[in-house]
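First comes the structure, then the notes that go with it.
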Amino acid sequence: MKFTSTSNVTVQAKDLDLVFKTQLHKPWSLRDKFVETLRDPLSLLPNQKDRFYALREVSFSSYQGDRIGIIGKNGAGKTSLCRLIAGVYRASGGTLSTQGLVRSVFDTNVGIYPELTGRENVHLLLHYIYPQDVKQHQAMADEIIDFSGLGSFADAPFRLYSNGMQARLCLSLISAKSSPILVLDEVFDGADQEFQKRISQRILKLVDSSQTAFFVSHSPEQIRQLCNRALVLSHGRIVYDGLPEDALAYYQSTLVVNDDRTS
Amino acid sequence: MTMSDLRQIWVTAKASLKVRYRQSFAGIIWVVLNPLLLLTVQSIAFKMILKIEVDNYLIFLSSGLLPWIFFVQTLEMSCGTLVNAGRLLRAYPLRPFVLVGAQFVDNTINFLIGFSLVTGLGLTWGKMEWSHLPLAVPGLLLLGIGTFSLALLGSLVQVFFRDFKFILGFLMQLLFFLTPVFYPSSFVPPSFQWLIDFNFIYHWIRPIREAVLEGRLVPEHLFISALSSLVMVGISFFAWRWRKNEIYQYL
């Protein structure tokens, strides 16, 4: 089943596995590790229990014009999938191919240097998010500050900003320019209602000019408003791939209800 | 590493310098004074009190001590870089080594300021010769490559073992006395020679010292220095490749 107007593939994932060699329950201290090793030298050997599958056998293709919502409970693998697409993680198995530049953001309340002003942070973040567009950075920074509506606060240190102001600046920044593939992981939280409306419109425009966008959100309204397709993830696997309304219904009826029964 | 990574390292280092120097003018003074003070105190302690018999001792000491300070400071300051920037790394698709690279550039600038000052003084006093300086470049480059690799490794280990920086500080104190920085390697008895044979920091410092002090390049020593740097690059590369995904779990 295809959900898009064209058949040009932008992201193709085949049997993707993402395995973490987690030892979070083991000592985080070299001294404790030393004592543990003396007590039980076999603890140094790799243990299958320490392998955690964040994603397992994930396969999907996205096409030009897709706006894909990613739904799932905490720990389902949504952020891991986004980080794989963004190239932050390296897959442990399977193949992932992307056609075109991927732009991604995972948190909108982070400045690089809280001591620097909002404007200075914008200039620095432009190098991280739009590294290919150096010549346009000055014009982009001016437009971002203007859209954020921060006014003279743009020249105040970032550490003085409220969560809402930080979100305004970061959301304006990530939506400043379209890119072939856009990955936004729960980035709408934090901004006030009025700004959420403005930024939603801006992101819709951005998505229109991008080839494919991936959104992670816990808000059914945002998924309905922004997406034309949704993936439901559970325990690192894609358990549903379809229209947003159907995916939300599946998520509510299968995963959330099962959870309620279990508890 | 791409051009874009290098640019990100440079702009991050510039921002870091801006933050430090905006917060206090003392920051600039400290960067310059710190190595000079150490040099002065150690020079008095070892030459005048302990009476170490080495010709041209101030230049001898500075050609070992300044690279040592650069090495230790870069390692210690890089250690917490990833852990301190946990939220930032999880928020943006920023390659973690960019932050360590920025810290390295920041320290390199500080080192070059200190090195230039000491060299300027040495040249003014006539104890150092202009013609020796270009010969120090290969040694400095190899020191930089080795130090950056170890800084990357240290920042990675700190993510998984949070007490690493304390252990590192202790190890550096021990290593300072085991490395011929303030004494010549000829002072080490033959039975303990292996201690410096396996000391990679000494192998990085030696070509710099030979160039600055004696105006000579020893191909064999440069080769060992390059080999030490390459080994560190290899270890660091494989460690990062092995644990890169897990960084985000532990931040």
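In what follows, chains carry the letters A, B, and so on, assigned in the order in which the sequence lines appear, proteins first and then strands, with residues in each chain numbered from 1.
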Whatever's closer than 4.5 Å to a heavy atom in chain A on Arg95(B) counts as neither

Region of Val19(A) that comes under 4.5 Å of a non-hydrogen atom in chain B:
backbone

With only heavy atoms counted, which part of Ser16(B) is less than 4.5 Å from chain A, the side chain, the backbone, both or neither?
both

What about the rings of Tyr250(B) and Phe20(A), do their centers lie closer together than 6.0 Å?
no

Below 4.5 Å, heavy atoms only, C-beta onward: do Ser172(A) and Phe195(A) meet side chain to side chain?
yes

Can you tell me which portion of Gln132(A) sits under 4.5 Å from chain B's heavy atoms? Options are side chain, backbone, both or neither.
neither

Contact between Leu116(A) and Lys18(B) at the side-chain level, heavy atoms closer than 4.5 Å - yes or no?
yes

I'd like to check Glu115(A) versus Glu120(A) (side-chain heavy atoms, cut-off strictly below 4.5 Å). Are they in contact?
no

Are Lys78(A) and Asp185(A) packed together at the side-chain level, in the sense that at least one heavy-atom pair is separated by less than 4.5 angstrom?
no

Any donor-acceptor pair under 3.5 Å from Ser104(A) side chain to Val183(A) backbone
no

For chain A, which residues from residues 3-13 of chain B have at least one heavy atom closer than 4.5 Å to it?
Ser4(B), Arg7(B), Gln8(B), Val11(B), Thr12(B)

Against chain B, label Arg103(A) side chain, backbone, both or neither, depending on which of its atoms sit under 4.5 Å from a heavy atom there.
neither

Using heavy-atom distances under 4.5 Å, tell me whether Ile129(A) contacts chain B through its side chain, its backbone, both, or neither.
side chain

Identify, with sequence neighbours excluded, every residue that meets ring-ring contact (aromatic ring centres under 6.0 Å, His included) alongside Phe192(B).
none

Would you call the rings of Tyr183(B) and Phe187(B) parallel, tilted or perpendicular, taking 30° and 60° as the class edges?
parallel

How about Met172(B) and Leu168(B): do any of their side-chain heavy atoms sit closer than 4.5 Å?
yes

